[in-house]
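Being a predicted model, the structure only gives us computed values, none of them experimental. By convention in this document, chain letters (A, B, ...) are assigned in the order of the sequence lines, proteins followed by strands, and residues within each chain are numbered from 1. Below, each value reflects all heavy atoms present in this structure, side chains not excepted, and no hydrogens, waters or symmetry copies.
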Amino acid sequence: MKKIEAIIKPFKTDDVKQRVYAAGGKGMTVSEVKGFGRTGGKREVYRGSSYVVDFVPKVRVQCFVDDDIVSQVIDAILAGARTGEIGDGKIVVTSLDEVIRIRTGERGRDAL
Amino acid sequence: MKKIEAIIKPFKTDDVKQRVYAAGGKGMTVSEVKGFGRTGGKREVYRGSSYVVDFVPKVRVQCFVDDDIVSQVIDAILAGARTGEIGDGKIVVTSLDEVIRIRTGERGRDAL
Amino acid sequence: MKKIEAIIKPFKTDDVKQRVYAAGGKGMTVSEVKGFGRTGGKREVYRGSSYVVDFVPKVRVQCFVDDDIVSQVIDAILAGARTGEIGDGKIVVTSLDEVIRIRTGERGRDAL
Amino acid sequence: MLFGASLLMASGFAGSAFAEGKPAEPPAAAAVPAAPAQATADLAARVADLEAYVNNTAPKSLSAPGPGHNAWMMTSTALVLFMTLPGLALFYGGLVRRKNILSVVAQCFGAAGLVTILWWAFGYSAVFTSSGSASGYSVLGSLKHAFFLGVTSAPNPDYSPWVSQSVFAMYQMMFAIITPALIVGAIAERMKYSALMAFILGWMVLVYFPLAHMVWGSDGLMNGLGNAKAPIKAIDFAGGTVVHMSSGWSALLLALILGPRKGFGRRPFLPHSMVLTATGTGMLWVGWYGFNAGSAVAADGIAAGAFVATTLAAAVAGAVWPLIEWIARGKPTVLGFCSGVVAGLVVVTPAAGFVSTTGAVIVGVLAGVVPYLACTKLKQMLKYDDALDTFGVHGVGGTLGALLTGFLASAEVNGNLNNNLAQIVGKSLWLEQLKAIGLTMTFALAGTAALAYLLKAVIGLRPDADHEEQGLDVLDHGESGYHMDEAAG
Amino acid sequence: MLFGASLLMASGFAGSAFAEGKPAEPPAAAAVPAAPAQATADLAARVADLEAYVNNTAPKSLSAPGPGHNAWMMTSTALVLFMTLPGLALFYGGLVRRKNILSVVAQCFGAAGLVTILWWAFGYSAVFTSSGSASGYSVLGSLKHAFFLGVTSAPNPDYSPWVSQSVFAMYQMMFAIITPALIVGAIAERMKYSALMAFILGWMVLVYFPLAHMVWGSDGLMNGLGNAKAPIKAIDFAGGTVVHMSSGWSALLLALILGPRKGFGRRPFLPHSMVLTATGTGMLWVGWYGFNAGSAVAADGIAAGAFVATTLAAAVAGAVWPLIEWIARGKPTVLGFCSGVVAGLVVVTPAAGFVSTTGAVIVGVLAGVVPYLACTKLKQMLKYDDALDTFGVHGVGGTLGALLTGFLASAEVNGNLNNNLAQIVGKSLWLEQLKAIGLTMTFALAGTAALAYLLKAVIGLRPDADHEEQGLDVLDHGESGYHMDEAAG
Amino acid sequence: MLFGASLLMASGFAGSAFAEGKPAEPPAAAAVPAAPAQATADLAARVADLEAYVNNTAPKSLSAPGPGHNAWMMTSTALVLFMTLPGLALFYGGLVRRKNILSVVAQCFGAAGLVTILWWAFGYSAVFTSSGSASGYSVLGSLKHAFFLGVTSAPNPDYSPWVSQSVFAMYQMMFAIITPALIVGAIAERMKYSALMAFILGWMVLVYFPLAHMVWGSDGLMNGLGNAKAPIKAIDFAGGTVVHMSSGWSALLLALILGPRKGFGRRPFLPHSMVLTATGTGMLWVGWYGFNAGSAVAADGIAAGAFVATTLAAAVAGAVWPLIEWIARGKPTVLGFCSGVVAGLVVVTPAAGFVSTTGAVIVGVLAGVVPYLACTKLKQMLKYDDALDTFGVHGVGGTLGALLTGFLASAEVNGNLNNNLAQIVGKSLWLEQLKAIGLTMTFALAGTAALAYLLKAVIGLRPDADHEEQGLDVLDHGESGYHMDEAAG
Ligand SMILES: Nc1ncnc2c1ncn2[C@@H]1O[C@H](COP(=O)(O)OP(=O)(O)O)[C@@H](O)[C@H]1O
Ligand SMILES: Nc1ncnc2c1ncn2[C@@H]1O[C@H](COP(=O)(O)OP(=O)(O)O)[C@@H](O)[C@H]1O
Ligand SMILES: Nc1ncnc2c1ncn2[C@@H]1O[C@H](COP(=O)(O)OP(=O)(O)O)[C@@H](O)[C@H]1O
């Protein structure tokens, strides 16, 4: 099993959710993060001062998926999150040793 | 060393913390997330419109633990977080290559 | 490729960012978390009641980096985040199976 | 800060502290040498003037802003400003998504600045002077008071014998500010700031100033209360047509022309802070006392009546709306409480100074039911994106209120209805109200259509889709409402 | 909006703008032909009536709401509403956990709606009419003014010669609204909405209306100031017993019957936003001027005195409470500032119009000390879960204030104390106060116990434990206070 | 609550409800038997007194707080309190980083408590009594009213014939509270709470009380309006020098002595909630009507004039500032709207009761331009860390306003300018204003320097660097502004 983690633009969250779901992802956990990367920050002006705010708001999406749908889910995220402009974000994949559903105690694939 | 990550119901955070601590987990990092899964969203009604809000509030708990207490900590989380109703969440386990305590620079087990 | 994840004191975020960037980290994702560890909580007093608040605010920093700069980035985080007082936090390192840049679809090192 | 008492006493002459300072009466001592009968008659006239102050009727020669009335009108003016800033800004601001909160705030502030300048330059004059037209009625006044020429602290007896004209002008300005700000609710989260400001500029001239003059101007075409020659003998105590209908119907049309927000109907658009909305509701309610009871332009019995009617209607509607929710959907919501209160305030606005306490309770019940249906059923049926329900609450509520006023107004409550309207009050007044409703809708819809299509062609009304998704705060103002990270700075 | 000046002048007759409009005096001209002596006497009477307006005494024939007094009472009414909405809602709302913020808001709004309907239907009448009982005192009034029958803009000289009765009725209604809303603080985060609304309904009838009548009704049993035949000769300027003790003691008992919140004592229940609480505190302070100075029911010297006492007590207590914290615990907290200010306002409430400035400072110091001890020491000793310290601040503070009033009230400050109480002011008045305290506690505790056990049996008081943990906002209202995600919508 | 009408009627004697209760006039009946001429003269005097009430001039024998004026001054006092709590606390609080929000709130509350105690003990007396010095002018008054001795509800004719002295004392106290609270803006996020409180204590005595006395005290050295013997014949309607210049210049110097915040210029210090700031701005605007129009100490024509000038200046400046941003930087910001409004209010403060509507618009335009340049250009050039722009807005704006008042004040608008200043109004008045500006700066800078260096040496001004980074909320108050986690508690 894999954990697919994507950093995306906040307003793409809904699109990504729909597509991941369609691609077979049964669930998803998202959180608000701030990102810093090639994009460069946005300039905010506050009265006297104009600051480059390095960190821009992003959303982190996490999906635990079975190995056989990893590439579909990745494609779904790519399709849902891409605007083609800088700052679209990253996807990373990690291996999971174990997955457990708390409610039932099921482990592995069944827990997804 | 392992990273044990659990997505739980927010109001179970305290229970989980107590039990993990009792099971030998020396520390813990939690964050607010939104989850989407089998549960289905909750319906919120705003004047004219009633929406299904797909994402429900969850808490992510992260514990870095030594290999020998992994199963105790998992059991502790299971015990603390379970209500038996849908939406109790998941636990996933990943392997860590390295752990370092920033204050001292200690590495590995000593850093935990 | 590795994911370096650090839990640090919030007010050290900026220092860490600067140093990681200088050490060759091209990007970074941060989020607000609450931590519990050796530090013990801080005591907050609310009128009648004085509580030990176990969880103290921390920031989680995540960097996806190429294997060859892992130790530089770790050193950068250590340098930026250390106060020498309890609660400075942890760094953990995980292996990544894959990294993808959403904008271009590039994979692996190129995606960083 | 200290301003004169000691000086005046030192100089031994009780000159008037009233700014224009013409000594309003002969010094007391001068009265003595006169023949007793004459002296008594003079005194009687002076006493009658003082009684006129208490009764809020026109004095013969004591020309000064009366402290009680002036105090109340300054308070009322401040209260109406409070409705917009921060009241409405919070009420609306809480209902939008986090990324658009500042755009709503900026729209409210922008309306305040822009309208003030218009009002000062010519708006006040256009509304509150008479055109002098031979017909005895008109659509707009004159430029006599342009740039506040001649607007001083002396009362303008055409509108109030005991309130400084300058205060009256400010009081009415606060109405002129909040009216376009109400429109913000319908078009929230998707209209360019520049386009909205341009729209407001045109709308004040084409829609608001004429309507306000017609309803409240001394020779207004629909001023049934004050203008014996008005062809439409309608009444509107504090702005059911002028404020709520005009903004509500314009808002609907503008929302239709704009089109719905991206994602409307598919994604949940949740209020980012019901706490702000509830706070704004409380402020609106409190401020509305200035709006309604202040519309008596005096702290007299009519103000008292308007005050009571306002309270009862707001509280009753604020109970009825969530009660319907409780019955129909199982839960009374905080948004239901807030919506009910505001709907009650809207519907009672045209009626406030004309209806009995029983009338006010009836208004409250209907205000809880009808706008509720408009915001839930009608909107769902017709699927227009009236983002924060300006039409449902102000358009429908204002129309309802204008009509109800026709049925519920009573000369027993407000003796002024006996002057020009004695024949129709309690009888055919509602027909006049219908005419006023029709004329108001005509102005609002025609003016809005003309302006919206013009602006759409010239500068465009909406940002592009991605910018809309990123939120107007960053796009239009380069700011974010909140920076709540511990790590910030 | 314009309402008459021009009309009146046009018609050439200075009819009263006062709604009921009986011309209060002969037109000025009529005075001349009379015999000089008679004319002078008539004039003197008219002048005396005008002076009565300035002095806030009863006029002979000039019957109208006096502008200055009416203005102040409308302002005061708005201010007291402001205390509840949004003042108290924010003050309490900030102190609860995020998941219960809307429940507190809904409870405040719900109280406003429910109490308004009760007040209109029979509450006002029950409190502010006399029962006509032969004994000369009573526990409840009559139904004479039920459904506001006969409540018009004309003053009711039993309560105030220069303030519209309708405004007076609204003013008092705002007191009736905030009192049960105060109880919310003790039972926050764990009582079912339906149970609370039912409780308030019963509590108003069983506890509030009787207490208010007994203390303020013209033939009230404890109305030492106004009723010469009152068996308990107590005084209570603005509601130490009626408002604060009644709510505070009821709140304690209800909290005990409910039991503590799940996790109480084990987990930290932190205020989710001290910023809201501090904002609410500011609003409460500002609004309290309406509460206390408005309780003079005139803008006269007694109002001035109450205004000053209120300011001094609030500011001093707001300094003393955090100062004790600073000394005892090393840090002055913002919650300490807020608690001190509110405690000062509570304790000075019964005393406001009766005490000197020095008295007010003494009140302030004690208000900073005693409720502090109640909220910190007493509560920790007895371990009841008075969630937001309604008992500690309002129960203890109100009781303290009622007692202090007995010691500090001075006829030099308030001449009215010379009427029925000349014998006991400065002497045994505190004994009467103690009796009033006893009677108030009896009503509050008995009424609360009866209602709480009844409701517990019939509909249940609390949600089940898991729902409580998920928060009342979602459970009772289907909403969340905040949706702050960037990604929302 | 009820307080007397019925009692008075029962006793058959219309004694004054005014607290001190000396019967101000013979009972009406007594007038009849007198000789007609004498009776008429007596009556004429009584009528003249009543007219004096309407005109806000000094009465002969009717000594009572006049309801209209008293009502307005109580309202104004509440409004000025509202400016600080919660207005300024939110305005400033929104601009700091989340970790310092409560420190700002605590500083505002702390100022309120501390200043109240000083004011009561001796501040009011020092400012608003005359020193009796032979020269006819002075820097400080006497201790005559220390501990509010003799401060009752009776008017003090030196300052206002129709307003209770006790209300006047409270009104002025609210000015004394907000002035040091303004300083908080410059030193925010880095000054120890204890050091700030000690600073305020000293600063009130060394700087504020003398300045307030010199400008407003009846024998003040700079009181050009009220003191014929004042060597500096300056005018300051509501506190351009006393409030804004004094706080603004002191703030700048204190900020310089403190040094910049850690990270200043390197890291972005973003407002943690522009929503709070905008809310605070609305409250400041509303409250400022009490500040400026209340400074007439009556609800008369001068108050009306000040009310209008305040509105126009605020709205115009609130439009000009963001307009400049729009032109210069492409986007009008919400902070720009807020800053413009506040700048307009600041600059018009000294001028409010003296300038025409046209003058007010000119003030508004300049207030949008000059403080804008100070906050953006000057600050960037000189690189001082005036955290929330107290100097840029209040220091620069107050100075600008004081000077503009010299040019724009007009005796046509405010007849009182004809008393002592007839020779110089419209001519050399601006020179006197310059002198007042110089003297104010001298006091502010000298007092601040002395205190700041003293405190730096004795207790230290700043927390250590790491504590500063962790935020003052936790350090100084042991609290956090928000606990927004779902999981909390
Ligand atoms: N090396 C990295 N480690 C962690 N997060 C990263 C890294 N690089 C980018 N990110 C995240 O992805 C977001 C977008 O990256 P950015 O470089 O700005 O654009 P793009 O991915 O289009 O090249 C960043 O804001 C950050 O949150
Ligand atoms: N495949 C998944 N990937 C990531 N998070 C998941 C996944 N499935 C569930 N979750 C998280 O777990 C929470 C509970 O899951 P859900 O399916 O609703 O209930 P249950 O775990 O009881 O079957 C979700 O809200 C989500 O946060
Ligand atoms: N075993 C752990 N698992 C996850 N997070 C941890 C763990 N131990 C510590 N942390 C995180 O690191 C933070 C600092 O740890 P703490 O033990 O307090 O200090 P230190 O690292 O200096 O010994 C904690 O607040 C928590 O967020």
If we only count heavy atoms from C-beta on, is the [X] to [Y] side-chain gap below 4.5 Å?
X	Y	value
F:Y482	E:P271	no
F:F148	E:T358	no
F:V105	E:F337	no
F:V47	E:L50	no
E:Y289	F:L81	yes
F:T116	E:L312	yes
E:L43	F:T40	no
E:K331	F:L475	no

[X] and [Y]: which non-hydrogen atoms are nearest, and at how many Å?
X	Y	result
F:A78	E:F307	N-CZ, 4.0 Å
F:S153	E:G305	OG-N, 4.3 Å
F:A71	E:G68	CB-O, 3.8 Å

[X] portion near chain F, given a 4.5 angstrom heavy-atom threshold:
X	result
E:A317	neither
E:I235	neither
E:T333	both
E:P67	neither
E:A293	side chain
E:V320	neither
E:W326	side chain

Given side-chain contact (heavy atoms from CB on, under 4.5 Å), test F:V151 with E:V308 step by step and report yes or no.
CA-CA 10 Å; F:V151 176; E:V308 177; over 6 Å; no

Please report the C-alpha distance between F:M283 and E:M283 in whole Å, then the side-chain angles of each, then the deciding distance to 0.1 Å, and finally whether the side-chain contact (heavy atoms from CB on, under 4.5 Å) criterion is met.
CA-CA 11 Å; F:M283 292 173 170; E:M283 291 173 171; 3.5 Å; yes

Chain E contact via [X] - side chain, backbone, both or neither, heavy atoms under 4.5 Å:
X	result
F:V54	neither
F:M73	neither
F:Y53	side chain
F:M170	side chain
F:S194	both
F:L102	both

Shorter than 4.5 Å, heavy atoms on both sides: which option in F:G113, F:P86, F:A89, F:A299 has the most such pairs with chain E?
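Among the listed options, the one with the most contacts to chain E is F:P86.
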
Leading residue by heavy atom contact count with chain E [cutoff under 4.5 Å; candidates F:F147, F:Y193, F:W72, F:W119]:
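The answer is F:Y193.
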
Determine yes or no for a side-chain-to-main-chain donor-acceptor pair under 3.5 angstrom, with F:E479 supplying the side chain and E:V334 the backbone.
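Such a contact is found between F:E479 side chain and E:V334 backbone.
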
To the closest 0.5 Å, what do you measure between [atom1] ([X]) and [atom2] ([Y])?
X	Y	atom1	atom2	value
F:M74	E:S76	CE	OG	7.0 Å
E:H69	F:N70	NE2	CG	9.5 Å
F:L276	E:T279	CG	OG1	7.0 Å
F:M484	E:H272	CE	NE2	5.0 Å

Identify which of E:T75, E:V361, E:T311, E:L323 forms the greatest number of heavy-atom pairs closer than 4.5 Å to chain F.
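With the most close heavy-atom pairs to chain F, the winner is E:V361.
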
Under the side-chain contact (heavy atoms from CB on, under 4.5 Å) criterion, do E:M274 and F:D473 qualify, and how do the steps go?
CA-CA 11 Å; E:M274 273 308 298; F:D473 290 3; over 6 Å; no

Could you walk me through whether E:E51 and F:R46 pass the side-chain contact (heavy atoms from CB on, under 4.5 Å) test, one step at a time?
CA-CA 8 Å; E:E51 287 165 342; F:R46 286 166 66 191; 2.7 Å; yes

Parallel, tilted or perpendicular: which fits the ring planes of E:F82 and F:F82, with parallel below 30° and perpendicular above 60°?
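Taking F:F82 first and then E:F82, their aromatic rings stand perpendicular (interplane angle over 60°).
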
